[in-house]
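Since the structure comes first, as structure tokens, the remarks are kept for the end.
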Amino acid sequence: MDDVCEQIDIAGGGFLNFRISESCLRSTLQAVLDGQHLCCSKVTQPRKVVIDFSSPNVAKSMHVGHIRSTILGDCLARIHRFVGNQVITDNHIGDWGTQFGKLLHGWKSILNAEAFAANPIEELERIYKQVNEAADKDPDLMSACRQELVQLQNGDPENLAIWQQMIDISRQQFDQIYRRLGIHFDHTLGESSYNDALPGVVEELLKLNIASESDGATVVFFPDIKEMADHPAIIRKSDGGFNYASTDLATLDFRLREFQPDQIIYVTDGRQQLHFKQIFEIFRRWKQSTGPQLEHVWFGAILGDDGKPFKTRSGGTIKLADLLNEAEERALAVVREKNPDMDEALQKSIASKIGLGAIKYADLLPNRNSDYRFSWDKMLALQGNTAVYLLYANTRIASLLRKADHYHPHNVTFQSLNHPAEWTLARKLINFGFILETVVEESRPNYLCNYLYELASDLSSFYDQCPVLIAEGESRVDRLGLCQAVGMVLSKGLELLGIETVEKM
RNA sequence: GCGCCAGUAGCUCAGCUGGAUAGAGCAACUGCCUUCUAAGCAGUCGGUCCGGGGUUCGAAUCCCUGCUGGCGCACCA
């Protein structure tokens, strides 16, 4: 206790204040510099965690509605991996469903080859929209579309080939976005991967008396669960077709057998809460033995600038690619202004990291359960509590270390630390591991954002009050050592948020 | 109607598994660049934590209730 604790004060209100000892702080910082740890430890029992996120739809552009799942899921994957868990990421893309009837019909009747060559996704969106609107007024057209869908489901070679082409094109588009964002998936097993398994799943649930027939559909009831007593789950429609409940159950079953995970995390918006409660409950009844921990990590709705729900069909969707472009452009303007003499290629590379980092940070900073209010200015802000602030703090450290002639970490003892700003910074630094544990526990990266902002803020304050390169003797060495240790944690933290760091800005 | 989620500074939001004087960014205002990156630092201003009960030594946080808003509720995902 004496090693860790310096003094214990009796504070007001029945509080005891334990002050961490300076010697403990010194040895912790020393261990960071020695590469022993980063003020955090690996989990004692690594778990296998499947993370299901992003899940865009084939034949549609990725838009702002996809960023939360994509960025949040990737961040969680990074953090789980870092703390020592084995992570499997799976992109459950929407590559099956009734929309393909209309798409196939549109493809065969009104596809514009030139427009398709120029921008395939846009053309697919156009034909879908046109057929969809026309089919609403024209029953014959509607049944023609249904016929195309049946053909596809029956394995018609022509329709299958077209369908496959639409998937390939879409995946190219997805991959472009993921490449820009530095996101990788271990698997992309879309809804269609489970087609063959659907009948078996439903039959098994019927056989086990978990599901029953009701009004021609196959349904699971939850009479004893308050929230779901009036909300049964349909797992097979009265026309014999399957829906997303059946697909999700088949997917879950597959993952259990294929990966044998300890935990599965689904990152989707909050509107699917009831759906996942149903799926998890059905699964609990179905696989009564020790199943994986199932967690629905949900996030709030995306609202427009006016605070009203941001509806997809209203036509005002912002494409994800456009958002990323705009972020890079805005960042580039500032980079040029701040660094007029910098090489243009370097300006662009820095602007890209800043712009994309700004988007990720803006997305991860709010509590995920809050509704998301989309605003260009907020999303792309480069001042205040933003990625730029963290990146800037990191470049200051990088700059100091670049200029630190004759500095060697093994000369650092931290014996000269005595300024309050130094101790404030050091005490903040050692909280990193605790924060990571909380993030993993609650799947809330905003805790990490807040921590890194506080760390950067303490660094900026220290930087203002304590000269580093100009300091003399031990103080110079120790302050450089402190900066280096902070830089190691700060840059690791940014990496865990999926934000690339820069040397200069 | 039933259920889920939310309501905190002018705006956008943290904080919510009970703890000290409720925090940050933006906006507004005041200082700080002949010293390491001012994309910064220091400060001022700004609060009925939606209302009302309750539990507790202690409630923004937990419970009940009311109001307001968002979302979901058999055959879209």
Side-chain angles (χ1 to χ4, degrees), chain A residues 11-15 17 55 57 92 94 96-99 191 214-221 225-248 268-275 277-278 298 300-301 303 305 307-309 331 334-335 337-339 354 358 362 365-367 369-373 375 377-378 381-393 395-404 421 438 441-442 444 446-447 449-450 453-454 456-457 459-471 476 479-480 483 504-505:
Chain A
F15 284 89
N17 287 336
S55 314
N57 291 318
H92 192 68
W96 198 252
T98 49
Q99 73 271 24
E191 291 164 356
S214 173
D215 287 350
T218 308
V219 178
V220 179
F221 292 97
I225 298 176
K226 191 175 121 193
E227 307 158 53
M228 304 193 286
D230 296 332
H231 303 298
I234 294 179
I235 59 171
R236 185 170 57 194
K237 301 187 282 180
S238 54
D239 67 3
F242 300 96
N243 61 3
Y244 73 137
S246 20
T247 310
D248 276 353
T268 83
D269 72 86
R271 288 174 302 183
Q272 298 189 42
Q273 284 177 86
L274 180 61
H275 168 69
K277 280 176 185 164
Q278 291 175 333
W298 60 271
L303 308 177
D305 237 342
K308 290 182 180 161
V334 182
V335 171
E337 182 194 323
K338 302 274 181 186
N339 310 277
I354 287 176
L365 181 61
N367 182 326
N369 294 144
S370 303
D371 282 348
Y372 196 91
R373 203 184 182 94
S375 141
D377 287 338
K378 196 179 147 197
L382 304 176
Q383 245 116 40
N385 188 355
T386 62
V388 166
Y389 186 84
L390 307 185
L391 290 169
Y392 185 65
T395 59
R396 281 178 150 178
I397 293 172
S399 173
L400 289 176
L401 293 172
R402 263 199 312 273
K403 295 179 181 174
T438 316
E441 181 73 22
E442 298 189 30
R444 294 188 189 278
N446 63 309
Y447 294 148
C449 294
N450 280 317
Y453 179 72
E454 287 171 13
S457 177
L459 176 81
S460 298
S461 189
F462 157 84
Y463 184 90
D464 195 56
Q465 295 174 64
C466 304
V468 178
L469 294 174
I470 311 155
R476 181 179 188 269
R479 283 176 177 174
L480 279 164
C483 286
K504 295 178 181 178
M505 61 186 279

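A, B, ... follow the sequence lines: proteins, then strands. Residue 1 opens every chain.
- Distance, A/Arg476 CZ to B/U35 C1': 14 Å, rounded to whole Å.
- Taking atom CG of residue A/Asn339 and atom P of nucleotide B/G40, one finds them 14 Å apart after rounding to whole Å.
- Checked by distance alone, A/Tyr392 brings no side-chain donor or acceptor within 3.5 Å of a matching partner on the base of B/A39.
- Place A/Ala301 and A/Met505 on RNA chain B by their nearest nucleotides, and A/Met505 ends up nearer the 5' end.
- With hydrogens and angles left out, the side chain of A/Ser214 and the base of B/A74 share a donor-acceptor pair within 3.5 Å.
- For A/Asp371, the salt bridge (Lys or Arg N to Asp or Glu O under 4.0 Å) criterion is met by no residue, not counting sequence neighbours.
- B/C71 and B/A27 have their C1' atoms separated by 31 Å, with the value rounded to a whole Å.
- Put simply, A/Ser399 has a side-chain N or O that comes within less than 4.0 Å of OP1 or OP2 on B/U37.
- Remark: P of B/C4 and NZ of A/Lys277 are 7 Å apart, rounded to the nearest angstrom.
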Below 3.5 Å between N/O atoms, which protein atoms pair up with nucleotides 25-32 of chain B? Just atom names and distances, please.
none

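- One side chain, A/Ser246 or A/Asn243, offers a donor N or O that lies under 3.5 Å from an acceptor on the other.
- Computed from coordinates, the A/Ile234 CD1 to B/C75 P distance equals 6 Å when rounded to whole Å.
- Checked by distance alone, A/Ser461 brings no side-chain donor or acceptor within 3.5 Å of a matching partner on the base of B/C41.
- Within the shown strands, nothing qualifies as a pairing partner of B/C45 under the Watson-Crick or G-U definition with both distances less than 3.5 Å.
- Checked against B/U37, B/A74, B/C75, the side chain of A/Val219 finds its nearest nucleotide in B/A74.
- In this structure, A/Phe242 atom CZ and B/A74 atom C1' are separated by 17 Å, rounded to whole Å.
- Closest non-hydrogen pair, A/Ile354 versus A/Met505, comes out as CD1-CE, 3.9 Å.
- Distance noted for atom C1' between B/C63 and B/G18: 13 Å (whole Å).
- Among the atoms of the strands shown, base atoms are found under 4.0 Å from some heavy atom of A/Cys466.
- Between the side chain of A/Asn450 and the main chain of A/Asn446, a donor-acceptor pair closer than 3.5 Å is present.
- Comparing B/C36, B/A74, B/A39 by their nearest atom to the side chain of A/Phe221 picks out B/A74.
- In this entry B/G1 has B/C73 as its Watson-Crick or G-U wobble partner, both defining distances falling under 3.5 Å.
- Taking atom P in both B/C16 and B/C50, the straight-line distance is 15 Å, to the nearest Å.
- Looking at the side chain of A/Leu400, the nearest of the listed nucleotides B/C2, B/C5, B/C36 is B/C36.
- Mapping A/Ala245 and A/His231 onto RNA chain B via the closest heavy atom, the residue that lands nearer the 5' end is A/His231.
- For B/C45, the O4'-C1' to base torsion is more than 90° from 0; the nucleotide is therefore anti.
- Side-chain contact check for A/Gln273 versus A/Glu227: every heavy-atom pair is 4.5 Å or farther apart.
- At distances below 3.5 Å, not a single donor-acceptor pair connects side-chain atoms of A/Ser457 with backbone N or O atoms of A/Tyr453.
- One interatomic measurement links the two molecules: CG of A/Leu391 to C1' of B/G40, which rounds to 14 Å at whole-angstrom precision.
- Residues A/Thr438 and A/Glu442 have side chains that never bring a donor and an acceptor to within less than 3.5 angstrom of each other.
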Every protein N/O within reach of nucleotides 11-18 of chain B N/O, cut-off under 3.5 Å:
| residue | atom | partner | partner atom | Å |
| --- | --- | --- | --- | --- |
| B/U12 | O2' | A/Lys378 | NZ | 2.6 |
| B/A14 | OP1 | A/Asn367 | N | 2.9 |
| B/A14 | OP1 | A/Asn367 | O | 3.3 |
| B/A14 | OP1 | A/Ser370 | OG | 2.1 |
| B/A14 | OP2 | A/Ser370 | OG | 3.3 |
| B/A14 | O2' | A/Asn450 | ND2 | 2.9 |
| B/G15 | OP1 | A/Asn446 | ND2 | 3.1 |
| B/G15 | OP2 | A/Asn367 | ND2 | 3.0 |
| B/U17 | O4 | A/Glu442 | OE2 | 3.2 |

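- A/Ser460 contributes atom OG, which lies 3.5 Å from atom OH of A/Tyr389 (distance to the nearest 0.5 angstrom).
- Of all nucleotides listed (B/A74, B/U37, B/C4), B/U37 comes nearest to the side chain of A/Tyr463.
- Looking at every heavy atom in both residues, A/Ala421 comes nearest to A/Gln465 through CB-NE2, 4.1 Å.
- The shortest non-hydrogen separation linking A/Thr386 to A/Ala381 is CG2-O, 3.6 Å.
- In summary, of the residues considered (A/Arg476, A/Arg479, A/Arg396), a side-chain contact (heavy atoms from CB on, under 4.5 Å) with A/Val468 occurs for A/Arg479 alone.
- An OP1 or OP2 oxygen of B/C5 is reached within less than 4.0 angstrom by no side-chain nitrogen or oxygen of A/Arg271.
- Between A/Asp248 atom CG and B/C75 atom P there is a gap of 17 Å when expressed in whole angstrom units.
- Shown here, B/A27 forms no base pair; nothing in the strands shown gives a Watson-Crick or G-U wobble contact with both key distances under 3.5 Å.
- Distance check on atom P: B/U8 versus B/C62 gives 16 Å, rounded to whole Å.
- Closest approach to the A/Thr395 side chain among B/C76, B/U37, B/C2 is made by B/U37 (side chain taken as heavy atoms from C-beta onward).
- Distance from the side chain of A/Lys338 is smallest to B/A39 among B/C41, B/U37, B/A39.
- The base-pairing partner of B/C32, taking Watson-Crick or G-U wobble contacts with both distances under 3.5 Å, is B/G40.
- A/Asn243 has its CG atom 10 Å from the C1' atom of B/A74, to the nearest Å.
- When both distances must be under 3.5 Å, the Watson-Crick or G-U wobble mate of B/U68 is B/A6.
- The backbone N or O of A/Trp298 lies less than 3.5 Å from a partner atom in the side chain of A/Asn369, making a donor-acceptor pair.
- Here B/A20 sits opposite no nucleotide as a Watson-Crick or G-U wobble pair (both hydrogen-bonding atom distances under 3.5 Å).
- Side-chain proximity of A/Glu227 to B/C4, B/C41, B/U37: nearest is B/C4.
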